[in-house]
Amino acid sequence: MSIEEILKAGTYHLIDVREPMELEMDGEIESALNIPLGEIQDRKDEIEQLNGPKIFFCRSGNRSGKAMEFFKSQNVPEVYNGGGYADMQQALENL
């Protein structure tokens, strides 16, 4: 399933793995939960309890890919790399 299809379905969780300082500098998506990549393992249970697809994004797609791979390695279903902040913003605007 593509990111666009997930967004159109309407049931998903956006998780921004950038640092808070990056959100202040670059902007943020209001509906996204901010969990910096360095906190992902400590907040694993919180993320696992979110029902439905979990779409990670960051500045370029690199850190969100690492977050997605971590959860895949933990057998957490429905985890996706949404790419960079600009990509995610564009996808949401195109709905």
Side-chain angles (χ1 to χ4, degrees):
M1 186 174 261
S2 74
I3 297 298
E4 291 78 18
E5 291 171 326
I6 295 167
L7 295 175
K8 285 179 183 172
T11 306
Y12 56 85
H13 298 279
L14 296 177
I15 303 169
D16 189 338
V17 297
R18 296 177 296 158
E19 295 296 323
M21 152 187 90
E22 291 176 277
L23 276 63
E24 291 174 22
M25 290 180 0
D26 300 330
E28 63 184 290
I29 296 173
E30 269 189 48
S31 61
L33 179 62
N34 178 231
I35 302 178
L37 183 62
E39 297 177 18
I40 286 288
Q41 289 186 12
D42 293 336
R43 296 177 68 181
K44 178 180 172 273
D45 292 342
E46 176 184 346
I47 294 167
E48 282 183 320
Q49 290 176 13
L50 298 172
N51 291 323
K54 297 151 214 37
I55 303 172
F56 297 96
F57 69 96
C58 60
R59 189 173 199 158
S60 68
N62 184 32
R63 287 174 283 176
S64 53
K66 290 178 182 179
M68 180 194 70
E69 289 302 323
F70 169 73
F71 282 100
K72 280 188 171 187
S73 76
Q74 301 295 307
N75 297 314
V76 176
E78 297 187 287
V79 292
Y80 302 90
N81 182 355
Y85 167 69
D87 301 323
M88 195 80 262
Q89 205 172 27
Q90 184 71 41
L92 290 165
E93 288 173 7
N94 289 338
L95 290 181

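Values below: all heavy atoms of this structure, side chains included; hydrogens, waters and symmetry mates excluded.
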query: What distance do E28 atom CD and Q89 atom CD have between them, rounded to the nearest 0.5 Å?
result: 10.5 Å

message: Counting neighbours of CG on N94 that are heavy atoms of other residues, nucleotides or ligands and sit closer than 6.0 Å, is the number greater than 12?
response: yes

query: Of the non-hydrogen atoms in K72 and V79, which two are nearest, and what is the gap between them?
result: CG-CG2, 3.6 Å

task: Keeping the roles fixed (side chain from D87, backbone from G82), state whether a donor-acceptor pair exists under 3.5 Å.
output: no

field: Minimal non-hydrogen separation, P36 against P20, with atom names
entry: CG-CD, 3.9 Å

- prompt: Taking side chain as C-beta onward, heavy atoms only, is Q90 less than 4.5 Å from E93?
  reply: yes

query: Tell me, do K44 and I47 make a side-chain contact under 4.5 Å, heavy atoms counted?
result: no

- prompt: For the hydrophobic clusters of this structure (ILVMFWY residues joined by side-chain heavy atoms under 4.5 Å, transitively), does one cluster hold both L50 and L37?
  reply: yes

message: What I'd like to find out is whether the side chain of D16 reaches to under 4.5 Å of the side chain of I29, using heavy atoms alone.
response: no

task: Determine, using the 4.5 Å side-chain heavy-atom cutoff (strictly less than), whether Y12 and I35 are members of one ILVMFWY cluster.
output: no

- prompt: How long is the gap from CD on E78 to CD1 on I55, to the nearest 0.5 Å?
  reply: 10.0 Å

- prompt: If you group Ile, Leu, Val, Met, Phe, Trp and Tyr by side-chain heavy-atom gaps below 4.5 Å, do L23 and V17 land in one group?
  reply: no

- request: Answer yes or no: is there a donor N or O on one side and an acceptor on the other, between the side chain of N34 and the main chain of E19, under 3.5 Å?
  value: no

Non-hydrogen atoms of N81 and G61 that approach each other most closely: ND2-O, 3.1 Å

message: Could you check whether any side-chain heavy atom of M88 comes within less than 4.5 Å of a side-chain heavy atom of L7, counting everything from C-beta outward?
response: yes

task: Look up atom CD1 in I15 and atom CZ in R18, then write down how far apart they are to the nearest 0.5 Å.
output: 14.0 Å

- request: Step through the shown structure and confirm whether more than 12 heavy atoms of other residues, nucleotides or ligands are within 6.0 Å of CD on Q74.
  value: yes

query: Is L14 reachable from M1 through a run of I, L, V, M, F, W or Y residues, each pair having side-chain heavy atoms under 4.5 Å apart?
result: yes

message: Taking the ring centre of each residue, are F56 and F71 less than 6.0 Å apart?
response: yes

Test item: E39 and E46 side chains (from C-beta on) under 4.5 Å apart, heavy atoms: no

query: Does Y80 belong to the same Ile/Leu/Val/Met/Phe/Trp/Tyr cluster as L33, with side-chain heavy atoms less than 4.5 Å apart forming each link?
result: no

